[in-house]
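So the structure is just underneath, and the comments pick up after that.
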Amino acid sequence: MTIIRQPQSWEISESQVTSEAAYFNRRRLLKTLVGATLGASIMPIVGCEQSSESKKALATSLDTASLRPVDTNPVFAEVNRPITDELLAGRYNNFYEFGGNKSIWSKAQNLPTEDWKVEVTGLVNNPRIYDLDDLRKKFPLEERIYRFRCVEAWSMVLPWIGFPMKLLIAAVEPTSKAKFVRFTSFYDSKITPGPGFHVGSLPWPYTEGLRIEEMANELAFFAVGIYGHILPKQHGAPIRAVLPWKYGFKGAKSIVKVEFVATQPATYWNTIDSHEYGFEANVNPNKPHPRWSQATEKFISKGPDLSWEKLPTLPYNGYGEYVASLY
Ligand code: MTE
């Protein structure tokens with residue numbers, strides 16, 4: 001077991017976890033898509049949140065209202081790995097609407113979450129626009145400790161608070177024609193600048209999708225909180241998808257629309273490159289991504305400095321007993 005410690009406690013860059021070459025390759029992919037040079041417009045890799053002011057701002061961004069008391073679902077109360085340090089999870093994020101590096105937590109604070117509405121629509125008997133109070137009242141909240149595995153071969157363990165997606169399915173009653181669901185994230189080009197180049201050429205808004213049977217699986221979860229309190233903006237406030245047997249990109253953040261549809265929907269990364277980012281995207285150590293072997297992962301857990309352990313990646317991220325029968 002290798003443990004690597006980095007000296008800079010507030011300088012977490014994607015290149016410290018994912019190799020720098022891989023980092024730039026993901027950007028090259030975007031560049032190819034948009035047919036443009038990255039030039040000077042790409043954001044710096046290393047975040048600049050080193051001052052005590054930035055530390056305070058980070059802590060403030062994570063200091064959202066408590067959702068406790070909330071019961072931890074005993075079935076998902078632990079995963080034989082420690083929960084990732086909250087400050088690390090809260091400053092090492094992917095949220096391309098706000099930038100192309102990992103240090104977008106401060107930019108994500110521009111996300112306007114007041115009066116949030118989620119439209120549930122499409123092939124359902126009971127279409128409805130929910131506000132957050134409706135959702136919280138209608139669907140009892142529970143805590144679940146889930147493994148989280150990014151396609152970039154890093155992982156965390158995160159304590160989400162939310163409710164199973166199957167409860168929403170029961171409430172809106174999809175018709176027999178509904179075979180897939182599409183999640184759409186918040187997008188407003190005045191607020192979400194994108195990764196800093198050719199915003200208009202990327203397939204915004206961020207969308208993701210599932211087969212209905214996947215959405216109905218016990219594991220599929222809508223999170224409205226994390227670490228005992230309301231979801232901070234960088235984690236995809238106020239509501240996001242959490243699908244622990246799939247790569248992290250399947251979990252759309254800041255969802256504004258849930259649409260039940262008849263055919264497989266186009267999704268953000270799959271539209272950018274369907275070979276690299278499949279629609280199914282189940283965690284699979286035996287299926288390497290063109291740039292990241294998926295056999296092992298860099299498990300990020302202890303703070304305050306970034307550190308990781310190299311661990312083997314498990315099929316379905318360790319959740320085969322729940323989902324293997326779907327495939
Ligand atoms: N959702 C939206 N709307 N935009 C994104 O860029 N990134 C995805 C996913 N959901 C993303 C998103 C990816 S690639 C990952 S790994 C996870 O969010 C990261 O979640 P976290 O920042 O809370 O760890």
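Note that ligands are numbered from 1 as they come in the structure, with each ligand's atoms numbered from 1 the same way. Note that the coordinates shown come from a computational prediction; the quantities given were computed from them, not determined experimentally.
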Discussion item. Quick check on the 6.0 Å ring-centre criterion: do Y146 and Y319 meet it?
Written reply: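 Y146 vs Y319: aromatic centres under 6.0 Å.
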Should [X] be listed as contacting ligand 1, given a heavy-atom distance under 4.0 Å as the test?
X: E208; value: no
X: G236; value: no
X: F148; value: yes

Counting each atom of ligand 1 from 1 as listed, which ones have a heavy atom of [X] under 4.0 Å away?
X: C150; value: 16 (S)
X: S185; value: 3 (N)
X: N93; value: 21 (P), 22 (O), 23 (O)

Discussion item. Are the side chains of I191 and P112 in contact, using a 4.5 Å heavy-atom criterion?
Written reply: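 Answer yes - side chains close enough.
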Item to complete: Indicate yes or no: at least one non-hydrogen side-chain atom of K102 is less than 4.5 angstrom from one of E152.
Response: yes
Worksheet item: What part of F95, side chain from CB on, backbone N/CA/C/O, both or neither, has a heavy atom under 4.0 Å from ligand 1?
Response: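 Both the backbone and the side chain of F95 come within reach of ligand 1.
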Worksheet entry | Option of least heavy-atom distance to atom 23 (O) of ligand 1 (set: E152, M156, R240, Q234) |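 Looking at heavy atoms only, R240 sits closest to atom 23 (O) of ligand 1.
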Worksheet item: Evaluating non-hydrogen atoms only, which member of Y247, Y206, W154, Y96 is closest to atom 8 (C) of ligand 1?
Response: Y206
Worksheet item: For K253, is at least one N or O under 3.5 Å away from an N or O on ligand 1?
Response: yes
Discussion item. Please check if the number of heavy atoms outside D115 that lie under 6.0 Å from its CG is greater than 12.
Written reply: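 Atom CG in D115 is not crowded, with 12 or fewer foreign heavy atoms closer than 6.0 Å.
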Worksheet item: Under 30°, 30 to 60°, or over 60°: which ring-plane class applies to Y96 and W269, parallel, tilted or perpendicular?
Response: perpendicular
Fill in: Parallel, tilted or perpendicular: rings of Y277 and H289 (30°, 60°)
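If you compare the ring of H289 with that of Y277, the planes turn out tilted.
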Worksheet item: Are the side chain of K138 and the backbone of D133 linked by a donor-acceptor contact shorter than 3.5 Å?
Response: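 Between the backbone of D133 and the side chain of K138 there is no qualifying donor-acceptor contact (under 3.5 Å).
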